[in-house]
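Let me begin by presenting the structure, written as structure tokens, before commenting on it.
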Amino acid sequence: MYHEKGIRQPKIAAELNLSQARVSRMLKQAVEVGIVHTVVTMPSGVHSDLEDELQGRYGLRDAVVVDTLGVGDDVLAALGSGAAAYIDMTLTGGHVIGISSWSETLISAVDRMPRKSVPVVDRVVQIVGGLGDAAVQMQATRLTARFAELTGGMPVYLPAPGLVGTPAVRRAMMNDVSVRDVLGTWEQLTDALVGIGSLEPSPLLQRSGNAVAEADQDELRRLGAVGDVCFRFFDEEGRHVRSTFDQRVIGVTAKELLAVPRRIGVAGGDRKFSAIRAALLGGWVNILITDLAMANRLLDA
């Protein structure tokens with residue numbers, strides 16, 4: 001009556017002249033003795049088994065595997081949609097979110113996010129310098145502004161480039177009052193929304209003027225670097241690579257980033273396998289949103 005005909009418990013109790021409490025106990029007992037079995041059939045495109053395996057293998061708080069079958073090598077739109085849905089679902093209020101500036105994947109995610117009807121974020125803070133070539137700088141600025149607009153937060157911009165020429169220039173800029181005010185918010189971050197980069201810069205980063213120069217790439221490669229989060233490079237085991245390049249970055253430090261409770265990494269595509277795996281091993285992100293092929297490679301590694 002309950003499971004096959006959909007009759008509610010009070011009506012069952014009335015028809016069989018039983019108490020509602022007894023009906024409830026009998027239904028529970030039917031499960032315990034194996035008369036009733038529950039079968040969950042997942043819809044196409046949902047990969048909760050892989051997500052559970054990724055969490056267990058890499059010690060993640062959460063994982064989202066996006067089905068990209070039929071899109072070829074261009075996983076950007078699919079990752080953006082998956083990230084947008086996850087972020088929209090998990091923002092519940094009072095967040096202070098740090099966001100990386102130069103990520104096409106994050107731009108794709110924010111472009112697909114719905115507007116919240118009530119504010120769920122207090123502040124949206126740039127955690128890597130957002131200044132660069134004027135032709136592409138607007139994308140980095142718009143990323144922070146649009147995310148803040150959609151979530152009801154106040155945007156906090158970092159008025160500096162992500163990369164400068166010398167450590168001395170970096171020290172001078174970090175002492176500037178407008179930059180120092182932003183730095184003070186990083187220890188209050190509840191979430192960080194970041195891309196995961198490989199040693200080879202993305203097209204957006206290449207155009208921004210903040211890309212890693214060939215000489216810097218050579219140095220980082222010699223030191224064993226395979227990828228980065230917010231310009232902080234790490235080796236294949238996820239260990240922070242300290243270099244002269246590292247001393248010229250204007251952005252969140254490795255220590256500050258690793259102290260953020262939720263570190264959401266959005267990345268996929270074949271060329272980023274080594275970087276994503278290392279980022280997981282080093283704990284640079286503890287929530288991963290990636291594509292199906294990458295999830296399988298990470299589990300086979």
Side-chain angles (χ1 to χ4, degrees), residues 1-71 75 77-95 105 108-109 112-118 120-121 151 190-191 193 261-269 273 276-277 279-281 283 285-301:
M1 294 173 75
Y2 182 79
H3 290 286
E4 294 185 359
K5 297 181 180 179
I7 301 174
R8 299 179 67 182
Q9 291 187 32
K11 188 174 180 182
I12 295 172
E15 286 192 24
L16 299 182
N17 197 29
L18 300 170
S19 69
Q20 191 172 333
R22 187 174 181 195
V23 170
S24 179
R25 285 196 303 272
M26 291 175 71
L27 287 170
K28 182 180 179 182
Q29 186 182 10
V31 174
E32 291 171 349
V33 301
I35 296 171
V36 174
H37 298 275
T38 301
V39 177
V40 178
T41 304
M42 300 305 296
S44 176
V46 176
H47 303 282
S48 58
D49 53 342
L50 292 180
E51 292 166 353
D52 289 344
E53 286 185 59
L54 282 172
Q55 288 181 61
R57 173 76 65 85
Y58 293 100
L60 297 172
R61 284 183 54 161
D62 210 349
V64 176
V65 175
V66 179
D67 201 334
T68 55
L69 295 177
V71 301
V75 300
L79 285 175
S81 295
Y86 179 82
I87 295 164
D88 177 62
M89 180 178 66
T90 58
L91 293 181
T92 55
H95 299 263
T105 313
S108 176
R112 289 164 172 78
M113 277 185 61
R115 185 189 300 273
K116 287 290 192 180
S117 57
V118 296
V120 292
V121 170
T151 58
T190 60
D191 308 76
L193 185 57
R262 288 208 321 159
R263 305 179 296 281
I264 305 169
V266 187
F273 168 71
I276 294 172
R277 181 173 180 271
L280 299 184
L281 291 175
V285 299
N286 57 10
I287 296 170
L288 177 67
I289 300 169
T290 194
D291 61 271
L292 178 58
M294 180 59 69
N296 282 312
R297 284 192 70 183
L298 289 168
L299 290 171
D300 289 339

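From a predicted model like this one, the values you see are computed outputs, not experimental measurements.
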Heavy-atom closest contact (Ile287 atom, Arg262 atom, distance): CD1-CD, 3.8 Å
Evaluation steps, side chain to side chain contact (heavy atoms under 4.5 Å, CB included), between Glu51 and Leu54: CA-CA 5 Å; Glu51 292 166 353; Leu54 282 172; 5.6 Å; no
Polar side-chain atom of Asn286 near backbone of Pro261 as donor-acceptor pair, under 3.5 Å: yes
Within 6.0 Å of CZ in Arg57, more than 12 heavy atoms from elsewhere: yes
Residue pair Leu27, Gln9: steps toward the side chain to side chain contact (heavy atoms under 4.5 Å, CB included) verdict: CA-CA 9 Å; Leu27 287 170; Gln9 291 187 32; 3.7 Å; yes
Closest contact, heavy atoms only, Ala84 versus Ala109: CB-O, 3.3 Å
Got a list of side-chain donor-acceptor pairs under 3.5 Å for residues 294-301, not counting sequence neighbours?
residue	atom	partner	partner atom	Å
Asn296	ND2	Leu292	O	3.3

Pairwise side-chain contact, Lys116 with Val121, heavy-atom cut-off 4.5 Å (strictly under): no
Asp52 side, atom CG; Asp62 side, atom CG - distance, nearest 0.5 Å: 9.5 Å
Inter-residue atom distance Leu79.CG - Ile289.CD1, 0.5 Å rounding: 8.5 Å
Closest approach of Ala267 to Thr290 (non-hydrogen atoms, all atoms of both residues): O-OG1, 2.7 Å
Reported CE-to-CG distance for the pair Met26 and Leu16, which is rounded to 0.5 angstrom: 8.0 Å
Which atom of Arg263 lies closest to which atom of Gly283, heavy atoms considered: NH2-O, 2.9 Å
Close side-chain approach of Leu50 to Glu53, heavy-atom, < 4.5 Å: yes
Chi angles and distances behind the side chain to side chain contact (heavy atoms under 4.5 Å, CB included) call for Ile35, Gln29: CA-CA 9 Å; Ile35 296 171; Gln29 186 182 10; over 6 Å; no
Separation between NZ of Lys5 and NE2 of His3, rounded to the nearest 0.5 Å: 14.0 Å
Heavy-atom side-chain proximity of Tyr86 to Val266 below 4.5 angstrom: no
Inter-residue atom distance Arg277.CZ - Leu288.CG, 0.5 Å rounding: 13.5 Å
Nearest-0.5 Å distance that lies between atom NE2 in His95 and atom CG in Leu193: 12.0 Å
Shortest non-hydrogen contact from Ala77 toward Arg112: CB-NH2, 3.4 Å
